[in-house]
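These notes are about the structure you will find just below.
Chain naming here is simple, since letters A, B, ... match the order of the sequence lines and numbering starts at 1 in each.
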There are 4 protein chains.
Amino acid sequence: MFLSVDASDERPLYKQVIDGVKELIARGVLREGMPLPSVRQVAGDLGVNLNTIAVAYRELQDEGFVNVRHGAGAVVAARSAQGAGEGELRKPLRTALTGFVLARFSDREIVALVRQELEWLRQKGGTL
Amino acid sequence: MFLSVDASDERPLYKQVIDGVKELIARGVLREGMPLPSVRQVAGDLGVNLNTIAVAYRELQDEGFVNVRHGAGAVVAARSAQGAGEGELRKPLRTALTGFVLARFSDREIVALVRQELEWLRQKGGTL
Amino acid sequence: MFLSVDASDERPLYKQVIDGVKELIARGVLREGMPLPSVRQVAGDLGVNLNTIAVAYRELQDEGFVNVRHGAGAVVAARSAQGAGEGELRKPLRTALTGFVLARFSDREIVALVRQELEWLRQKGGTL
Amino acid sequence: MFLSVDASDERPLYKQVIDGVKELIARGVLREGMPLPSVRQVAGDLGVNLNTIAVAYRELQDEGFVNVRHGAGAVVAARSAQGAGEGELRKPLRTALTGFVLARFSDREIVALVRQELEWLRQKGGTL
DNA sequence: GTGGTCTAGACCACG
DNA sequence: GTGGTCTAGACCACC
């Protein structure tokens with residue numbers, strides 16, 4: 001699969017999986033209606049506990065990004081069901097930007113990095 | 001004081017304090033050499049335990065943002081000692097931007113929000 | 001376990017634990033990838049509070065000597081991530097040597113003691 | 001005076017003063033019977049609180065390195081009264097050496113550094 | 001099971 | 001006054 005986890009990442013494993021799936025959806029690698037790999041397969045590929053992946057999938061469902069159908073696996077939800085409000089999104093953005101400001105990046109550099117990240121997220125289909 | 005914590009925030013209290021102090025430094029509200037309020041005062045103002053703030057101050061010291069001396073208080077460290085590398089900063093930025101993309105913000109909208117946040121961070125002196 | 005704390009030692013308990021773990025790593029008793037005993041077990045063995053050990057483990061993580069993952073335990077980190085610069089190491093060495101000089105040990109005696117300590121540290125595998 | 005304190009040093013101020021005086025005695029810059037500068041003068045020179053220096057002098061007296069005579073200031077004590085037993089000296093030595101081992105210094109390098117430090121301590125009269 | 005966070009409250013060390 | 005350390009004990013998050 002195209003997911004990966006990194007032991008040196010500060011985020012817990014299940015969070016890395018959630019963020020990874022979200023990125024894949026944002027990039028269009030995973031499109032509406034497409035099935036996600038089974039919990040069992042992801043756990044095997046990443047070498048982590050089944051439970052960890054199950055928790056991740058469950059939270060993805062709670063947030064409206066996937067629909068888990070009993071026995072039939074998980075599929076990417078309709079786009080209308082996805083996404084959060086601007087309010088909750090601003091806090092992590094501000095925290096991320098604060099880091100760059102403290103590291104003395106200029107506004108131009110920061111905006112350039114933002115555009116670069118957006119370009120990467122936007123390339124429809126991605127590096128499947 | 002100018003710090004605040006929010007029980008509904010997913011971040012632990014001590015992390016909220018850390019991020020809050022970093023924002024204040026980034027905005028220039030707290031400048032090099034300025035003393036931070038005492039652990040006791042912050043704890044009292046925010047209504048949290050002394051230890052929680054002490055942990056936050058300790059981590060801020062470990063990250064090089066403040067200098068804490070035992071019987072004296074904590075002061076904002078020299079800027080040269082602060083900041084992180086680009087590597088650790090990109091991951092939270094990407095995660096934050098992914099949220100906006102999933103919420104179907106356009107690139108123009110996102111960049112505008114980024115500029116808005118940067119402008120707020122950059123007004124030296126801030127809303128003291 | 002092979003750790004111990006001493007109430008008559010001037011160092012705080014958590015520091016004694018940190019230094020003890022570092023010694024075990026230096027001696028090769030704890031090798032890269034090996035799990036450390038759980039916080040609860042160490043706390044029980046040494047008869048100190050859970051939090052005290054948790055603080056020690058956290059600092060060991062911050063210094064790069066161990067990797068602590070939430071629901072999993074703590075494991076000895078890759079050696080490349082460990083170690084400090086010569087600068088920070090000289091000061092405690094000078095202080096230690098000053099003590100011997102003041103106690104009127106000769107240079108030969110001091111160097112012999114140093115070799116003796118190094119020999120003890122170097123016997124890979126140690127007195128497991 | 002020949003003492004100095006360093007804000008970036010992790011040791012508390014009073015400990016830096018104590019270690020500094022001990023070094024001066026070890027190096028022979030301060031010899032038996034010689035007067036130490038007054039508490040007031042040291043405090044002024046270093047820009048620290050009077051109390052801090054007074055505490056340092058008192059501990060130096062308790063350890064037998066100086067004799068404080070009321071109203072007459074402090075003088076370096078007779079050498080026979082100074083020094084600690086080998087037992088208490090080994091622990092800091094071991095901790096210091098552990099740091100070098102973890103930073104992957106070879107035994108030869110470490111012994112060379114030890115000899116270098118000893119040479120500096122031994123130059124009688126010092127850089128007065 | 002693991003470690004993480006937080007509280008309440010005590011006592012010590014430092015300036 | 002300041003921050004540092006430690007305890008007891010609770011509850012949560014992660015695997």
Side-chain angles (χ1 to χ4, degrees), chain A residues 5 7 10-18 43 46-56 58-59, chain B residues 5 7 9-17 35-43 46-61 66-75, chain C residues 5 7 10-17 35-43 46-61 66-75, chain D residues 5 7 10-18 43 46-56 59:
Chain A
V5 291
E10 56 172 0
R11 290 172 297 174
L13 294 178
Y14 89 101
K15 191 75 189 330
Q16 292 186 46
V17 172
I18 290 172
L46 301 183
V48 303
N49 193 292
L50 272 175
N51 225 328
T52 305
I53 307 301
V55 166
R58 185 169 179 210
E59 182 156 333
Chain B
V5 290
D9 194 315
E10 57 172 357
R11 292 172 298 173
L13 293 176
Y14 83 97
K15 190 74 190 326
Q16 293 184 44
V17 173
L36 272 67
S38 80
V39 167
R40 279 169 179 80
Q41 179 174 350
V42 175
L46 302 183
V48 302
N49 190 277
L50 271 174
N51 273 331
T52 305
I53 307 301
V55 167
Y57 274 31
R58 185 179 184 175
E59 181 152 337
L60 282 166
Q61 156 136 285
V66 307
N67 291 321
V68 185
R69 302 282 313 175
H70 204 140
V75 299
Chain C
V5 291
E10 57 172 358
R11 293 171 297 172
L13 293 177
Y14 85 96
K15 190 75 191 323
Q16 293 184 45
V17 173
L36 272 67
S38 80
V39 167
R40 279 170 179 80
Q41 180 173 348
V42 175
L46 301 183
V48 303
N49 189 276
L50 273 174
N51 274 332
T52 304
I53 307 300
V55 166
Y57 273 32
R58 185 179 185 176
E59 180 152 337
L60 282 166
Q61 156 134 286
V66 306
N67 291 321
V68 185
R69 301 284 311 174
H70 204 139
V75 299
Chain D
V5 290
E10 56 172 0
R11 291 171 298 173
L13 294 178
Y14 88 102
K15 190 76 186 332
Q16 293 185 45
V17 172
I18 290 172
L46 302 183
V48 303
N49 193 292
L50 272 174
N51 224 329
T52 304
I53 307 300
V55 167
E59 183 157 332

| query | Taking it one step at a time, do A:N51 and A:Y14 satisfy side chain to side chain contact (heavy atoms under 4.5 Å, CB included)? | reply | CA-CA 9 Å; A:N51 225 328; A:Y14 89 101; over 6 Å; no
| request: Look at the side chain of C:R69 and decide which nucleotide, out of E:dC14, E:dG4, F:dC15, has an atom nearest to it. | output: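 It is F:dC15.
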Would you tabulate the nitrogen or oxygen pairs shorter than 3.5 Å linking the protein to nucleotides 7-10 of chain F?
from: F:dT7; atom 1: OP2; to: C:N49; atom 2: N; distance (Å): 3.0
from: F:dT7; atom 1: OP2; to: C:T52; atom 2: OG1; distance (Å): 2.7
from: F:dA8; atom 1: N7; to: C:N49; atom 2: ND2; distance (Å): 2.8
from: F:dA8; atom 1: N6; to: C:N51; atom 2: ND2; distance (Å): 2.7
from: F:dG9; atom 1: O6; to: C:N51; atom 2: ND2; distance (Å): 3.0

| query | Partners of B:R69 by salt bridge (Lys or Arg N to Asp or Glu O under 4.0 Å), sequence neighbours excluded? | reply |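 In terms of salt bridge (Lys or Arg N to Asp or Glu O under 4.0 Å), with neighbours along the sequence ignored, B:R69 is linked to no residue.
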In whole angstrom, what separates [X]'s [atom1] from [N]'s [atom2]?
{"X": "A:I18", "N": "F:dC15", "atom1": "CD1", "atom2": "C1'", "value": "14 Å"}
{"X": "C:E10", "N": "F:dC6", "atom1": "CD", "atom2": "P", "value": "13 Å"}
{"X": "C:R58", "N": "F:dT5", "atom1": "CZ", "atom2": "P", "value": "13 Å"}
{"X": "D:E59", "N": "E:dA13", "atom1": "CD", "atom2": "P", "value": "11 Å"}
{"X": "C:Q16", "N": "F:dT5", "atom1": "CD", "atom2": "P", "value": "12 Å"}
{"X": "B:H70", "N": "E:dC14", "atom1": "NE2", "atom2": "P", "value": "6 Å"}
{"X": "B:R40", "N": "E:dC11", "atom1": "CZ", "atom2": "P", "value": "14 Å"}
{"X": "B:D9", "N": "E:dT5", "atom1": "CG", "atom2": "C1'", "value": "14 Å"}

| Hey, is the main chain of B:V68 close enough, under 3.5 Å, to the side chain of B:Q61 for a donor-acceptor pair? |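 Such a contact is found between B:Q61 side chain and B:V68 backbone.
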| said: Run the salt bridge (charged side-chain N to carboxylate O under 4.0 Å, His left out) test on C:E59 and B:R58 for me, step by step, so that the C-alpha distance in whole Å, both residues' side-chain angles and the decisive distance to 0.1 Å come before the verdict. | reply: CA-CA 11 Å; C:E59 180 152 337; B:R58 185 179 184 175; 2.7 Å; yes
| D:V5 side chain near D:V17 side chain, heavy-atom distance below 4.5 Å |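 Side-chain contact under 4.5 Å: yes.
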| field | Test item: B:V75 and B:V66 side chains (from C-beta on) under 4.5 Å apart, heavy atoms | value |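 No, too far: nothing below the 4.5 Å cut-off.
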| message | Using 0.5 Å steps for rounding, measure from the NE2 atom of B:H70 to the NZ atom of D:K15. | response |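 So the gap between those two atoms works out to 14.5 Å.
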| query | CD1 of D:I53 to CG of D:L46: how many Å apart, nearest 0.5 Å? | reply |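 It comes to 5.5 Å.
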| request: Between C:S38 and D:P12, just flag the one whose closest nucleotide in DNA chain E comes earlier from the 5' side. | output: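 Result of the comparison: C:S38.
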| query | Can you name the closest pair of heavy atoms from C:A54 and C:V39 and give their distance? | reply |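 That closest heavy-atom pairing would be N-CG1, 4.1 Å.
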| said: Mind checking if C:A72 touches a base, just sugar-phosphate, or nothing, with heavy atoms under 4.0 Å? | reply: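 Since only primed, P, OP1 and OP2 atoms lie under 4.0 Å of C:A72, the category is sugar-phosphate.
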| field | Of A:R11 and B:A54, the one whose closest DNA chain F nucleotide lies more 5' | value |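 Its nucleotide being nearer the 5' end, the pick is B:A54.
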| field | E:dT5 OP1/OP2 closer than 4.0 Å to side-chain N/O of B:Y14 | value |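 The answer is yes; a side-chain N or O of B:Y14 sits under 4.0 Å from OP1 or OP2.
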| field | Watson-Crick and G-U pairing of DNA chain F written in dot-bracket, each distance under 3.5 angstrom, with | for inter-strand partners | value | ||||||||||||||.
